[in-house]
Amino acid sequence: MSKRKRAAILISGRGSNMAALIDAARRYGFPAEISLVLSNRPDAGGLAFAAANGIATAIVDHKAFESRDAFDAAIGKILESTRIEIICLAGFMRVLTDPFVQKWNGRIINIHPSLLPEFKGLDTHARALAAGAKVHGCTVHFVVPELDAGPVILQAEVPVKEGDDEATLGKRVLTEEHRIYPLALKMLAEGKVRLEGDRVVKS
Ligand code: GAR
């Protein structure tokens with residue numbers, strides 16, 4: 001097996017997608033290892049799971065920085081010193097600066113709880129319900145400077161069922177998030193998907 005890629009997961013909260021990535025990366029033959037979990041919030045629930053699984057953790061509290069540039073520079077330093085090759089955003093609720101995103105172009109991915117380009121931003125399940133959507137889902141995409149706009153790597157659809165509320169629909173979507181995010185990381189780490197300009201190329 002060729003050398004495993006060193007991945008960092010950036011979180012802000014619960015970290016269930018992070019846990020799915022950690023679990024997947026533990027399996028034999030997975031082409032990436034989770035080398036770091038970094039949170040911008042000291043109280044992120046996911047930090048404890050990462051630490052309990054023997055993964056290095058870092059907290060970079062955005063409140064301690066005067067600007068986004070300074071915050072991103074601090075994150076960048078840590079990612080460099082831990083020799084990170086791929087960044088997975090997993091419920092990371094900070095907007096990254098354009099220079100940071102451009103530096104990591106093609107090596108930074110995100111999971112979003114909707115079928116992009118539908119429902120960018122927050123409260124995606126409530127908005128899907130309000131719109132009367134019959135189908136909803138999640139997307140793993142390359143991160144580009146524009147928010148929730150990057151080229152799509154994988155999507156999964158779920159039905160919107162009669163009587164669904166935000167919680168029931170969100171749970172159905174989350175199950176799919178946990179399935180496709182590890183798959184997307186696997187594809188990226190083994191070179192089966194890459195970003196060429198603004199297009200996703202699969203091989
Ligand atoms: C997930 O549903 C993820 O798709 C979403 O936040 C949740 C984090 O949950 N991300 C975004 O909305 C990003 N725009 P988790 O911490 O349990 O993975």
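Indexing begins at 1, ligand by ligand and atom by atom, following the structure's order.
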Participant: Could you pull out the N/O contacts under 3.5 angstrom between ligand 1 and the surrounding protein atoms?
Facilitator:
{"from": "ligand 1", "atom 1": "2 (O)", "to": "E177", "atom 2": "OE1", "distance (Å)": "3.1"}
{"from": "ligand 1", "atom 1": "2 (O)", "to": "E177", "atom 2": "OE2", "distance (Å)": "3.0"}
{"from": "ligand 1", "atom 1": "4 (O)", "to": "E177", "atom 2": "OE1", "distance (Å)": "2.7"}
{"from": "ligand 1", "atom 1": "9 (O)", "to": "R14", "atom 2": "NH2", "distance (Å)": "3.1"}
{"from": "ligand 1", "atom 1": "14 (N)", "to": "H112", "atom 2": "ND1", "distance (Å)": "3.4"}
{"from": "ligand 1", "atom 1": "16 (O)", "to": "G15", "atom 2": "N", "distance (Å)": "2.7"}
{"from": "ligand 1", "atom 1": "17 (O)", "to": "R14", "atom 2": "NE", "distance (Å)": "2.5"}
{"from": "ligand 1", "atom 1": "17 (O)", "to": "R14", "atom 2": "NH2", "distance (Å)": "3.1"}
{"from": "ligand 1", "atom 1": "17 (O)", "to": "S16", "atom 2": "N", "distance (Å)": "2.8"}
{"from": "ligand 1", "atom 1": "17 (O)", "to": "S16", "atom 2": "OG", "distance (Å)": "2.6"}
{"from": "ligand 1", "atom 1": "18 (O)", "to": "S16", "atom 2": "N", "distance (Å)": "3.4"}
{"from": "ligand 1", "atom 1": "18 (O)", "to": "N17", "atom 2": "N", "distance (Å)": "2.9"}
{"from": "ligand 1", "atom 1": "18 (O)", "to": "N17", "atom 2": "ND2", "distance (Å)": "3.0"}

Participant: What's the shortest heavy-atom distance between A74 and V60, and which atoms?
Facilitator: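 Shortest heavy-atom separation between A74 and V60 comes out as CB-CG1, 4.1 Å.
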
Participant: Going by atom types only, do H112 and T124 share a side-chain donor-acceptor pair under 3.5 Å?
Facilitator: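 T124 and H112 do not have a side-chain donor-acceptor pair below 3.5 Å.
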
Participant: Classify the angle between the aromatic ring planes of H136 and H125 as parallel (below 30°), tilted (30 to 60°) or perpendicular (above 60°).
Facilitator: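 H136 and H125: perpendicular rings.
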
Participant: Under 4.5 Å between side-chain heavy atoms, chaining through other members, with only Ile, Leu, Val, Met, Phe, Trp and Tyr counted: pull out the rest of the cluster around L116, sorted by chain and number.
Facilitator: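 Other cluster members: none.
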
Participant: Between H141 and G150, what is the shortest heavy-atom contact and its length?
Facilitator: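 Taking H141 first and G150 second, the nearest heavy atoms are CB-O, 3.5 Å.
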
Participant: Please name the pair of heavy atoms, one in P159 and one in D164, separated by the smallest distance, quoted to 0.1 Å.
Facilitator: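 Closest approach of P159 to D164, heavy atoms only: O-OD2, 4.2 Å.
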
